[in-house]
Protein chains: 2
Amino acid sequence: MPTSRTYGDACGIARALDVVGERWALLVVRELLFGPQRFSDLHRALPGASSNMLTDRLRELENHEVIRRRRLPAPAASTVYELTGSGRELEPVLLALGGWGLRFPPPPAPVHLSATSVLLFLRGSRPPDRLPATYRVELDDHVWTVRVRDGRIDVEPGEPARADACLRTDPTTLNALLDGSGSLPAALAAGNATVSGDEAGLRRLFTAADSGTAAHP
Amino acid sequence: MPTSRTYGDACGIARALDVVGERWALLVVRELLFGPQRFSDLHRALPGASSNMLTDRLRELENHEVIRRRRLPAPAASTVYELTGSGRELEPVLLALGGWGLRFPPPPAPVHLSATSVLLFLRGSRPPDRLPATYRVELDDHVWTVRVRDGRIDVEPGEPARADACLRTDPTTLNALLDGSGSLPAALAAGNATVSGDEAGLRRLFTAADSGTAAHP
DNA sequence: CCGCATCCGTTTCGATACTG
DNA sequence: CAGTATCGAAACGGATGCGG
């Protein structure tokens, strides 16, 4: 059953930690930043969290109205978890915390990286030029729309109406492309990525690795 | 002994939580935001934390170079803990988190409030006018200098060189003054505060309760 | 498969007591 | 003052199982 321990401290920081200070809570919120996710999506994205841990955290966050449970209509027949308004307002806190955490070395050996983490990193970086473009990115069997325009990078879940290029890869490879430790031709040659369309545009996009927020192993 | 469990996640958010995600860690950092503190100061400010908990957290934070141990020279003959550069860079994260946490009701019954929390709240609020002034505030047997100037409120530990007024009270009373749930004359009458000097200036200061960050029970 | 409950060993937490 | 020692209670983590 959900945790109900409190700091007994009237300070806003302590009150925030009473709500999202338990283990895994903020990482669950991170995974929901780009949109609703199913229980099993969250479980896959957070492999270290046991299923009962996830159940507890989801219930607590729901009780505090940071997230909301929603049953999808007929054909999908599934339940998703999504951020409420309060939950979305955690985004700047998480981005600031993530930026701060980048100074520490990544944990040893079995390191995981979720699609959401890398895409947060991508969104936080600046495009190298102002040429507008739209890309279809497939990661962990989920499809994302990446739009470059007005000197920023927008990321949304779901299929783009039209794409200049399509990239299929995994979060770790994409992260290596973003932080400069890997190149697109090398990833293609190693079979870690497949591309169709404007490959040169994608290569340009990946030369912009700075001011990020999330990943960088 | 210190915790050494990790999320095994390369994301910056998870790496930050590997360092400051354990229970009480961020509240220890909060208490150090205004300057060095001794073990017993921290223990008093965080009554819910047991001494071995404090010991563990201080050691972990020291190992990650978020805080630093320092032995004071001869006369004081004591040890203090202070933030490092990395630790100070957590301040915006904590302020953002504290602002977010204010939407939740304060915990029930035995609620504590540290001097640092209230003074963070005071510093986060806007003064009602641009008249510069300096106040000596004594809280929990510690002395602080509160300076109003350039439309902001600065707070520092230690004696002011000169003060327009002196206020002695406790964190809870000061917080009530700041959030409008109490008035200075009422606090004086109840014996919860004593004032000397420009009492009218202090009353004006306490009419500015907004955009805060920390307390508000 | 999905969402969750149950059981169980391990880690962490919290309270009290005690020491240099 | 600045911690250590000890111990029961809670939380965590992993495995398994069950109804839809």
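Below, read A as the first sequence line, B as the second, and so on, with proteins coming before strands; counting in each chain starts at 1. None of these values were measured; they are calculated from a predicted model.
- Between E62(B) atom CD and dA2(D) atom P there is a gap of 14 Å when expressed in whole angstrom units.
- Atom-to-atom, NE2 of H43(B) to C1' of dA2(D) comes out at 11 Å; the value is rounded to the nearest Å.
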**Message:** One pair to check against side-chain contact (heavy atoms from CB on, under 4.5 Å): W100(B) and V20(A). What are the steps and the verdict?
**Reply:** CA-CA 11 Å; W100(B) 185 82; V20(A) 293; 3.9 Å; yes

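- Between the CZ atom of R5(B) and the P atom of dT11(C) there is a distance of 11 Å, rounded to whole Å.
- Remark: R69(B) fails to qualify as a cation-pi partner of F39(B) under the 6.0 Å distance and 45° angle criteria applied to the six-membered ring.
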**Message:** The test is salt bridge (Lys or Arg N to Asp or Glu O under 4.0 Å); show your working for R59(B) and E62(B) and say whether it passes.
**Reply:** CA-CA 5 Å; R59(B) 240 194 267 299; E62(B) 191 188 359; 5.5 Å; no

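- S78(B) has no side-chain polar atom (N or O) that falls below the 4.0 Å cut-off from OP1 or OP2 of dC1(D).
- Within the 4.0 angstrom heavy-atom criterion, no nucleotide atom of any strand lies near R44(B).
- Regarding contacts with the backbone of dA11(D), every side-chain N or O of W24(A) stays at 4.0 angstrom or more from both OP1 and OP2.
- Residue contacts shown for S51(A) include a base, since a base heavy atom lies under 4.0 Å away.
- Nucleotide dC2(C) holds its P atom 13 Å from the CD atom of Q37(A), rounded to whole Å.
- Distances shorter than 4.0 Å separate some side-chain N or O of Y81(A) from OP1 or OP2 on dC4(C).
- Between S50(B) and dA15(C) there is no side-chain N or O to OP1 or OP2 distance below 4.0 Å.
- For the pair L46(A) CG and dC12(D) C1', the computed distance is 15 Å after rounding to whole Å.
- Put simply, the side chain of N52(B) and the base of dT6(D) share a donor and an acceptor less than 3.5 Å apart.
- Not one side-chain nitrogen or oxygen of T79(A) sits closer than 4.0 Å to the OP1 or OP2 atom of dC2(C).
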**Request:** Assess whether side-chain contact (heavy atoms from CB on, under 4.5 Å) is satisfied between F104(A) and D18(B), documenting all intermediate values.
**Result:** CA-CA 9 Å; F104(A) 299 101; D18(B) 280 340; over 6 Å; no

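- Distance CD (E22(A)) to P (dC13(C)): 10 Å, rounded to an integer number of Å.
- At the phosphate of dC4(C), OP1 or OP2 sits under 4.0 Å from a side-chain N or O atom of R69(A).
- Rounded to a whole Å, the CZ atom of R71(B) is 11 Å from the C1' atom of dG3(D).
- Side chain T55(B) to base dT4(D): no donor-acceptor pair is found below 3.5 Å.
- dA11(D) atom P lies 9 Å from atom CD of E60(A), rounded to whole Å.
- The phosphate of dC13(C) (OP1 or OP2) has a side-chain N or O of R57(B) nearer than 4.0 angstrom.
- For R23(B), a side-chain nitrogen or oxygen approaches OP1 or OP2 of dG14(C) to under 4.0 Å.
- Here the CZ-CE distance, from R23(A) to M53(A), works out to 9.0 Å after rounding to the nearest 0.5 Å.
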